Number of protein chains: 2
Amino acid sequence: MTTVGQPGGDTPGGTEQAWLAAYDPRAFAPIAVTVDVVALTIRQRADGGGKALHVLTIRRGGMPYEGFRALPGGFVRAAEDEDLGQAAVRELAEETGLSALGAAGEGGAPEADSAPSDAPAPRLHLEQLGTYGTPGRDPRMRVVSVAYLAFAPDLPEATAGGDAAAAAWLPVDALDPSELAFDHARILADGLERARSKLEYTALATAFAPPEFTISELREVYETVWGEPLHAGNFHRKVLSAPGFVEDTDTTTARGGARGGRRARLYRAGGASLLHPALLRPSREENQ
Amino acid sequence: MTTVGQPGGDTPGGTEQAWLAAYDPRAFAPIAVTVDVVALTIRQRADGGGKALHVLTIRRGGMPYEGFRALPGGFVRAAEDEDLGQAAVRELAEETGLSALGAAGEGGAPEADSAPSDAPAPRLHLEQLGTYGTPGRDPRMRVVSVAYLAFAPDLPEATAGGDAAAAAWLPVDALDPSELAFDHARILADGLERARSKLEYTALATAFAPPEFTISELREVYETVWGEPLHAGNFHRKVLSAPGFVEDTDTTTARGGARGGRRARLYRAGGASLLHPALLRPSREENQ
DNA sequence: GCAATAGTGTCTCTTAGACAGTATGAG
DNA sequence: CTCATACTGTCTAAGAGACACTATTGC
């Protein structure tokens, strides 16, 4: 500690005062850290209008934004040495009862993808989305919120372990952004864009599908997340041409479509996490 | 506040205790929030070995990790209503004296790209990289660190406004990861991978180049960041075929290469932020 | 002149997308 | 049989990469 003015680093460290403050954050950084989760799944619309991308929301029971919908989330439990990703899993479990899920892809960095190692099909994909800490985003105090993005296959009603009245899956296209508390509309929008983009170059679409699925079901995942129809024949060929995307089970569905049709072959998720070649979205007009 | 058990949301809100705690985080979440910056630039190696990708580091002057190198960073100043991105800019300015830079691309989400609006060439690109909050990453207390990634053109020596002895640009390939404090080796690795990946599908390579540059200089950026040589002819054609990537200035360099050669045409950054088609890295073998 | 650098032409292979055709099963 | 769904063949256009060639300049 000689001529150092602002060594910075992970702590203040510079002046003696700042150094001491580092040992007592209570006197230095009154910032709360929370975790919010954008949990996405594909399920039937409640009004029977076919399948749609749904996001898990809870209804707020207190001020501020009382009565608004919000993303599930809550404080990181620092006293229990809880990791950020663990906190996200816990919040999700409290709202949906989906515990005992092998959360894949958890890591400090948002881009860190899961290496499936040996588990054939991780049941839940979780990745860091981003951190939102604009002053004033919570009217009460300074809150920095680490947002996570979760991809889940169709789950039981979102109330098993949590509060039945508050939690609900809502179709993202029928959700009024102004209905969401805090800056959760922004977080949701970022999560949706990330999800849509990730389907292009990763095999994560399988995380929305049951353990065994047909190519048509996989296509439905893409169509639902991207919100546009895809050419069935070309999609089929492209999926099978990407090595490791899907793996043949040598079985077929028990019967064809409701109104006739051939039995479809069943596949499970393959070992690859990155798609090569990628499945790019159509309709990417001009940029800028 | 009727039957709600775990409304969650952005705050505890559930029980009365938790609700009250939300108003006094000092008693609830003793977590410090810091910002760390992975600042990258391309500059001449000190030993004369050509150009290389450099990262800005400081030398720690206090415990823990005294004498180690670390990424510039420090506490978010909650009392001053400082945004996370502002904190990153401030830390960078304190170490390098590069103030008055139009920081582009700042936002809550890491993927949010800058819309250059009307400024022709933003001088510094800044984006959120990810948040690192594993318990124990700082031996003294619970620290959650929001990491930012900055791309800068070749800057004056990294000491203008800060501490001359502590700050230094180091070539990333000559940096021993175990020389870095905390989990900064991991953060740096994530930042490098993000940078390499972003060159593929965005026009950010121009952020490493001077306001006017030749195609060869742009190619040198790619070669330096990716660490592999590119085919000059094909690169040339691909850059010019991506609309909005570069814009012709109708001028050329004053003279050709040192050992002869044609004068090169000068370009400036175009309006596009996303490249179409993308410039993919070679050597992406098999995945998984 | 020669060597070096900038830039273009052209060929082949792969992929995307359009479209049409075949295979199979439910009613 | 008819229609729906699964799957395959084929053609065209565009991009990637290899390679060769032309253009221009310093020495």
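Since the model is a prediction, treat every value here as computed from it, not as a measurement. Letters go in sequence order (proteins before strands), and every chain restarts at 1.
Among C:dG25, D:dA6, C:dG7, the nucleotide with an atom closest to any side-chain atom of A:A264 is D:dA6. Of the candidate nucleotides C:dT8, D:dA6, D:dT25, C:dT8 has the atom nearest to the side chain of B:H236.
With sequence neighbours excluded, no residue forms a salt bridge (Lys or Arg N to Asp or Glu O under 4.0 Å) with B:R263. Looking at residues two or more places apart in sequence or on another chain, you find a side-chain hydrogen bond (donor to acceptor under 3.5 Å, both in side chains) between A:R265 and A:D248. Under the rule for a salt bridge (Lys or Arg N to Asp or Glu O under 4.0 Å), B:E228 has no partner lying at least two apart in sequence or in another chain. In this view, B:F245 satisfies the ring pair (Phe, Tyr, Trp, His ring centres under 6.0 Å) rule with no residue, not counting sequence neighbours. The salt bridge (Lys or Arg N to Asp or Glu O under 4.0 Å) search around B:R262 returns none, not counting sequence neighbours. For the ring pair (Phe, Tyr, Trp, His ring centres under 6.0 Å) test, residues two or more places apart in sequence or in another chain that qualify with B:Y222 are B:W226, B:F235. Considering only residues two or more places apart in sequence or on other chains, B:E217 meets the salt bridge (Lys or Arg N to Asp or Glu O under 4.0 Å) condition with none of them. Here B:T251 pairs with B:E212, B:T249, B:L266 under the side chain to side chain contact (heavy atoms under 4.5 Å, CB included) rule; sequence neighbours left out.
Per the geometry, CD1 belonging to A:I215 stands 10 Å off C1' belonging to D:dC7, to the nearest Å. We find that CZ of A:F213 is positioned 16 Å from C1' of D:dA6, with the value rounded to whole Å. Atom CD in A:E200 sits about 17 Å away from atom P in C:dT15, given to the nearest Å. Going from atom CG of B:L218 over to atom C1' of C:dA6 covers 14 Å, rounded to whole Å. Across the protein-nucleic acid pair, B:R262 atom CZ and D:dC21 atom P stand 18 Å apart, rounded to whole Å. Atom CZ in B:F235 sits roughly 12 Å away from atom P in C:dA6 (whole-Å rounding).
Annotation: side chain to side chain donor-acceptor pair (under 3.5 Å) contacts involving residues 230-240 of chain B, sequence neighbours excluded, comprise B:N234-B:R237.
For the contact set between residues 244-261 of chain A and DNA chain C, defined by any heavy atom under 4.0 Å, the members are A:R255, A:G256, A:G257, A:A258, A:G260, A:G261. Heavy-atom distances under 4.0 Å link DNA chain C to no residue of residues 221-228 of chain B.
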Reading nucleotides 9-19 of chain D from the 5' end, what letters show protein touch, with B for base, S for backbone sugar-phosphate only, - for no heavy atom under 4.0 Å? BB-----SBBB
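With a 4.5 Å cut-off on side-chain heavy atoms, A:R281 and A:R196 count as touching.
Judged purely by distance below 3.5 Å, without hydrogens or angles, the side chains of B:Y132 and B:D36 never pair a donor atom with an acceptor atom.
As judged by a 4.0 angstrom heavy-atom cut-off over every strand, B:T214 is placed among residues making no nucleic acid contact.
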